[in-house]
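Below, each value reflects all heavy atoms present in this structure, side chains not excepted, and no hydrogens, waters or symmetry copies. This is a predicted model, so every value here is computed, not measured. Order of the sequence lines sets the chain letters (A, B, ...), proteins ahead of strands, with each chain counted from 1.
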Number of protein chains: 2
Amino acid sequence: MERIPTHGIEVFLTIVREGSMRAAAAALGVGASAVSLQLKALEDRLGIELFFRTTRSVELTEAGKILFEAAAPAHRDLTYAFKKTREMARSTTGTLRLSLSRGAYMAALAPVLKAFLAENPGIKLEISWDEELVDINRQGFHGGIRMGDALSPDMIAVRITPPIKSVFFAAPSYLQAFGAPEHPRDLLDHQCIRHRHPTSGKLREWRVTEDGQDISIDPPARLIFDSAAGVIQAAREGHGIGWSMKATMADHLKTGELATLLEPFARDLPPFYLYFPKQNKRVECLRLLVNFMKTQLKERQRSNAEIAAER
Amino acid sequence: MERIPTHGIEVFLTIVREGSMRAAAAALGVGASAVSLQLKALEDRLGIELFFRTTRSVELTEAGKILFEAAAPAHRDLTYAFKKTREMARSTTGTLRLSLSRGAYMAALAPVLKAFLAENPGIKLEISWDEELVDINRQGFHGGIRMGDALSPDMIAVRITPPIKSVFFAAPSYLQAFGAPEHPRDLLDHQCIRHRHPTSGKLREWRVTEDGQDISIDPPARLIFDSAAGVIQAAREGHGIGWSMKATMADHLKTGELATLLEPFARDLPPFYLYFPKQNKRVECLRLLVNFMKTQLKERQRSNAEIAAER
DNA sequence: TCCATTGTTTGAAATTACCAAATAATGACT
DNA sequence: AGTCATTATTTGGTAATTTCAAACAATGGA
């Protein structure tokens, strides 16, 4: 396959534009001899001379005119394509497409979303609520948010939240009818509403903490959803006890639709991570989001520490 | 000024087209590592990754898509421009623009024109009859024909005729009135019609040969033209004796409108040369013309030699 | 005729491109 | 789950190209 001496063409076009070889050399930031040799190389590969030259002037030959007329716009387009791509990479405006679960949205993104949008007016977010783990690359997402950092090695994961508070919950109507559990082992005698991971297909373990120790329990379940939203909905309808992130149901706790159970035993879940293919490391919009969330996390941790210190 | 890594872009486009780096490497005729390194260099200069890559597939990132969509047509156009220029150089079709005097046409071009046009059906000739020597380059001519090879050093001159026969001539009416000269020195007593070089501004010397020696004579002239055609026309009208190339007036000799004088003293003029700027050396159409005329010259010389041998 | 300016040549130095082989990683296959 | 063919990447060394600085040559105007 024939290689095109595009570098030579750039030199050629510069000579035409600048009107002389030395001027072209100055414009290109190289010596005059480099330009002369490049032009000669191009002419040799074309098999024809492009300029009539004297020491006082360079003038296009017929072949030179033909090349110039055809190559100048093409080269301009190529320059533009290059510039456009680079600008896109550096741009602080654009659309960022993220894939995340509803829980991730509530716990990780929602608390900072308003501030992020205000601070980065040029960035649009396109958020896909996917309970399942999707293929970030093939689906055209820039990144995603998920719990834990167990990811394929070509992904970069950045922690963006503290560990997540979990709660056991049930509707007041259910508690009236069946009573409230006092200890995790009481759960075995209750109607539990559980959650199945869509990706792995496994039931999510219920984990509690007792005397600083983590224990896994496996209460019976007559209702199983593949989304946390389903679990919460069913609990609101009084079907039983659920376990999930506090953030996803803060509203229902406030209104009294749901009540918290077994608070001393509630265990923290792993923090959320913003993850993305390492190829997207240099997408400026994504970097802005990552940095913003890292900063937010730090600030939250510092204010927490201050609160702790005041006590 | 920023340099565009066009070579890298070529590699990039080939990867997209071929679907993998190794296929691209094969298509480009280089090793796989070269492609990998080129791509990485391009990505570094752009500041962004262009492919999601695994060992089984390469897939464009968003930036890669943008670059591909903009750069592919531009690169195609550039390739086309390059090809077009080369084809133009190699083409055996096209228009050849020549500048020559009427005398050069009659003596050098007219005798072979028909055969040349027949042999090269793709070539069009655009002939400008210029008595003056014009600037071949600036006037857009590919070349010219003139007598003698005294040219600037960046011109190439190729002999295309034998030495040119010259004749003295006058109309029968003039000869009746004033008698015919028997010896060159008789010309000093005749009405001579002379020719002034438009380029140099000098009167053209009349040169005769006597006993193998060249002598220059300077007969009086009441009529001076800046073209040989003018001299001939005036002679036909009976105004006096002219001196010019035989070829330009062969017709008038045949019809008896003009008669030849002083034949034993007629000196050969220098041959005609086809000349052109050395930058046009590789213009294929011009090469065809040059080669054709050189061949014609050789054949004419050989047949002349045969005729001489037969005697 | 001189002279400032410009294109070209030249040999050395710097840069870049490339290769071959080793390495790492993936996805299909058994 | 493990094997295997295939693919991208890294690495160290080599070849090719590009560039520079300086000397040179040539042109056209003063």
Side-chain angles (χ1 to χ4, degrees), chain A residues 1-12 14-45 49-61 64 135-138 151-156 277-279, chain B residues 1 3-12 14-45 49-61 64 135-138 151-155 277-279:
Chain A
M1 181 180 171
E2 168 95 43
R3 193 79 45 83
I4 294 196
T6 30
H7 186 178
I9 286 186
E10 189 159 2
V11 169
F12 164 73
T14 309
I15 297 172
V16 177
R17 179 152 30 81
E18 298 290 329
S20 81
M21 293 207 183
R22 283 192 124 89
L28 291 166
V30 298
S33 53
V35 169
S36 180
L37 290 168
Q38 280 292 332
L39 179 61
K40 188 187 289 274
L42 176 62
E43 288 177 329
D44 279 346
R45 281 196 261 197
E49 274 68 32
L50 299 167
F51 290 104
F52 297 119
R53 20 203 201 274
T54 72
T55 58
R56 308 300 283 184
S57 68
V58 291
E59 205 155 341
L60 287 168
T61 63
D135 185 328
I136 290 291
N137 290 347
R138 287 191 173 67
L151 293 160
S152 67
D154 60 341
M155 289 284 182
I156 294 173
K278 67 171 188 285
Q279 279 90 347
Chain B
M1 183 179 172
R3 192 81 45 84
I4 295 194
T6 28
H7 186 178
I9 286 186
E10 190 159 2
V11 168
F12 164 73
T14 310
I15 297 172
V16 176
R17 179 154 28 84
E18 298 291 329
S20 81
M21 294 208 187
R22 283 193 119 85
L28 291 167
V30 297
S33 53
V35 169
S36 180
L37 291 168
Q38 282 292 331
L39 178 60
K40 187 187 290 274
L42 177 62
E43 288 176 328
D44 279 346
R45 281 197 260 195
E49 274 69 33
L50 298 167
F51 290 104
F52 297 119
R53 21 205 203 270
T54 71
T55 58
R56 307 300 283 182
S57 68
V58 290
E59 204 154 343
L60 287 169
T61 63
D135 185 327
I136 289 292
N137 289 347
R138 289 191 171 68
L151 292 161
S152 67
D154 60 342
M155 289 285 181
K278 66 172 190 283
Q279 278 91 348

**Complete:** B/Gly64 and B/Phe12 have their tightest heavy-atom pair at O-CZ, 3.4 Å
**Request:** Quick one: list whatever passes side-chain hydrogen bond (donor to acceptor under 3.5 Å, both in side chains) with B/Glu18, sequence neighbours left out.
**Result:**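 For B/Glu18 there are no side-chain hydrogen bond (donor to acceptor under 3.5 Å, both in side chains) partners, ignoring immediate neighbours.
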Rounding to an integer number of Å, can you tell me how far [X] [atom1] sits from [N] [atom2]?
| X | N | atom1 | atom2 | answer |
| --- | --- | --- | --- | --- |
| A/Asp44 | C/dT9 | CG | P | 11 Å |
| B/Ile9 | C/dA17 | CD1 | P | 13 Å |
| A/Glu59 | C/dG7 | CD | P | 13 Å |
| B/Glu10 | C/dC18 | CD | P | 10 Å |

**Fill in**
Taken to the nearest 0.5 Å, the spacing of A/Thr14 OG1 from A/Leu39 CG works out to 11.0 Å
**Asked** To the nearest 0.5 Å, what is the distance between CG (A/Leu50) and CD1 (A/Ile9)?
**Response** 9.5 Å
**B/Thr61 side-chain N/O to B/Glu49 backbone N/O, donor-acceptor pair under 3.5 Å** =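 The answer is yes, because a donor-acceptor pair under 3.5 Å joins these two groups.
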**Request:** Encode nucleotides 9-20 of chain D as B, S and - characters from 5' to 3', where the letter depends on protein heavy atoms closer than 4.0 Å: B to the base, S only to sugar-phosphate, - to neither.
**Result:** SB-------SBB
**Sequence neighbours excluded, every pair satisfying side chain to side chain donor-acceptor pair (under 3.5 Å) that has a member inside residues 20-43 of chain B** = B/Glu43-B/Arg53
